[in-house]
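Here is the structure we will look at, set down as structure tokens.
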There are 2 protein chains.
Amino acid sequence: MSITLRPVQALRLWQNVALAEINDQRPDLTMRQAAILLTIYLDPPPHTVRGLAARLNVTKPVITRALDTMGAMKLVSRHRDQRDKRNVLVRRTVEGALFVERFGDAIVEKARGLPL
Amino acid sequence: MSITLRPVQALRLWQNVALAEINDQRPDLTMRQAAILLTIYLDPPPHTVRGLAARLNVTKPVITRALDTMGAMKLVSRHRDQRDKRNVLVRRTVEGALFVERFGDAIVEKARGLPL
DNA sequence: ATTGAATGATACGGGACCGAAACGACCATT
DNA sequence: AATGGTCGTTTCGGTCCCGTATCATTCAAT
């Protein structure tokens, strides 16, 4: 068994989530920022700039800038790797975990309300 | 009965769709643009700038600019309302319909591949 | 110690978006 | 015809993002 969605339901779901996100106070993340954030919170650590860039298939400055922005939002934090000081380890934060959790709940809620 | 998703599944779904969108050639839409496009294709016409602005709870320039961008991408088209020439009617395009259809299919596909 | 590779950050020019305000075209009422 | 309201667009100043190229730091191998 797997999650079954019809295309029109999928689109309606995306629309409803997008509408909800837009109307929240929080400045909305770009698609790339969202992908980075979710990767940090869903994929197993450690997460480095280079690793994230490879995972998303984007350049490193994209990751650096996204971490700047989301770091200012307190959604992620950066730490130098003490074993190899070239590396930066990206870590989760309490605020970030809460944000991701709320986001997941919002999607679930919109999915529940979908017409069949 | 309704669509049932667990939060972690919802997040994984969003991540996978975002990752797929980023790696497609197509320049990705902002959250607002996506909401506008989906509203045009899912909600019943006619669609006006003012109506879309009210639906999304954003200002009119946001709609105008999004229509500029997505019009250049051929995802939507604009037409003056001949009955009231102040209005602009936003219409679907073949390319836009195809884009939305593909997007829906992509979400469905990612949902199907979700671990339980 | 020196060299070369690897990592992440930064500089630069260009483009897109935002909110607020002003604008032109159009309609409806008088 | 004049007036006030409605609709969509444009302008303004500012911020953020992008891709490319370059930079400083650190590591590893000589």
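Every heavy atom of this structure was used, including side-chain atoms; hydrogens, water molecules and symmetry mates were not. Each chain gets a letter, A, B and so on, in the order the sequences are listed, and its residues count up from 1.
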Dump the intermediate steps for side chain to side chain donor-acceptor pair (under 3.5 Å) on B/Arg12 and B/Gln9, then the final yes or no.
CA-CA 5 Å; B/Arg12 194 58 91 172; B/Gln9 291 176 318; over 6 Å; no
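- Judged by distance alone, with hydrogens and angles left aside, B/Arg78 brings no side-chain donor or acceptor close enough to the base of D/dG8 to form a pair under 3.5 Å.
- Whole-Å rounding puts the B/Asp68 CG to D/dT9 P distance at 7 Å.
- When distances are taken from the side chain of B/Lys85 to each of C/dA16, C/dT10, C/dC27, the shortest belongs to C/dC27.
- In this entry the distance linking CG of B/Asp28 with P of D/dC17 reads 13 Å, nearest Å.
- Rounded to a whole Å, the CD1 atom of A/Ile63 is 19 Å from the P atom of C/dA6.
- Of the candidates D/dT9, C/dA9, D/dC18, the closest approach to any side-chain atom of A/Val62 belongs to D/dC18.
- Look at A/Thr64 and you'll find a side-chain N or O under 4.0 angstrom from OP1 or OP2 of C/dA9.
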Working note: A/Val58 + B/Ile22, criterion side-chain contact (heavy atoms from CB on, under 4.5 Å); need CA distance, chi angles, decisive distance, verdict.
CA-CA 9 Å; A/Val58 297; B/Ile22 289 168; 4.0 Å; yes
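- Residue B/Gln33 places its side chain closer to C/dC17 than to any other of C/dC17, C/dG8, C/dA25.
- When heavy atoms are screened at a 4.0 angstrom cut-off, A/Lys60 is found touching base atoms of the nucleic acid.
- Residue B/Thr59 is classed as a sugar-phosphate contact, given heavy-atom separations below 4.0 Å to backbone atoms only.
- Minimum atom distance to the side chain of A/Arg86 is reached by D/dC27, of the listed C/dA21, D/dC27, D/dG8.
- Around the CZ atom of A/Arg78, the shell of radius 6.0 Å holds more than 12 heavy atoms that belong to other residues, nucleotides or ligands.
- Of the candidate nucleotides D/dC17, C/dA9, D/dG8, D/dG8 has the atom nearest to the side chain of B/Val88.
- Across the protein-nucleic acid pair, A/Asn87 atom CG and D/dA28 atom C1' stand 14 Å apart, rounded to whole Å.
- Protein atom CG of A/Asn57 is 14 Å distant from nucleotide atom P of D/dC18, rounded to whole Å.
- In this entry the distance linking CZ of B/Arg83 with C1' of D/dC7 reads 17 Å, nearest Å.
- D/dT9 atom C1' lies 18 Å from atom NE2 of B/His79, rounded to whole Å.
- Between D/dT9 and B/Arg80, no contact under 4.0 Å exists linking OP1 or OP2 to a side-chain N or O.
- Listed candidates were C/dT10, D/dT26, C/dC27. Nearest to the side chain of B/Asp84 is C/dC27.
- Minimum atom distance to the side chain of B/Arg50 is reached by D/dG8, of the listed D/dG8, D/dC18, C/dA25.
- A donor and an acceptor atom sit less than 3.5 Å apart, one in the side chain of A/Arg65 and one in the base of D/dG19.
- An OP1 or OP2 oxygen of D/dC7 is reached within less than 4.0 angstrom by no side-chain nitrogen or oxygen of B/Thr48.
- Side-chain atoms of B/Thr93 come within 3.5 Å of backbone N or O of B/Leu75 as a donor-acceptor pair.
- Between the CE atom of B/Met31 and the C1' atom of C/dC17 there is a distance of 15 Å, rounded to whole Å.
- Nearer to the 5' terminus of DNA chain D, by closest-nucleotide assignment, is the contact made by B/Gly51 (compared with the other of A/Thr30 and B/Gly51).
- When each of B/Thr39, B/Ile63, B/Thr48, B/Leu52 is tested with B/Val90 by the rule side-chain contact (heavy atoms from CB on, under 4.5 Å), just one qualifies, namely B/Leu52.
- Within a 6.0 Å radius of CZ in B/Arg50, other residues, nucleotides and ligands contribute 12 heavy atoms or fewer.
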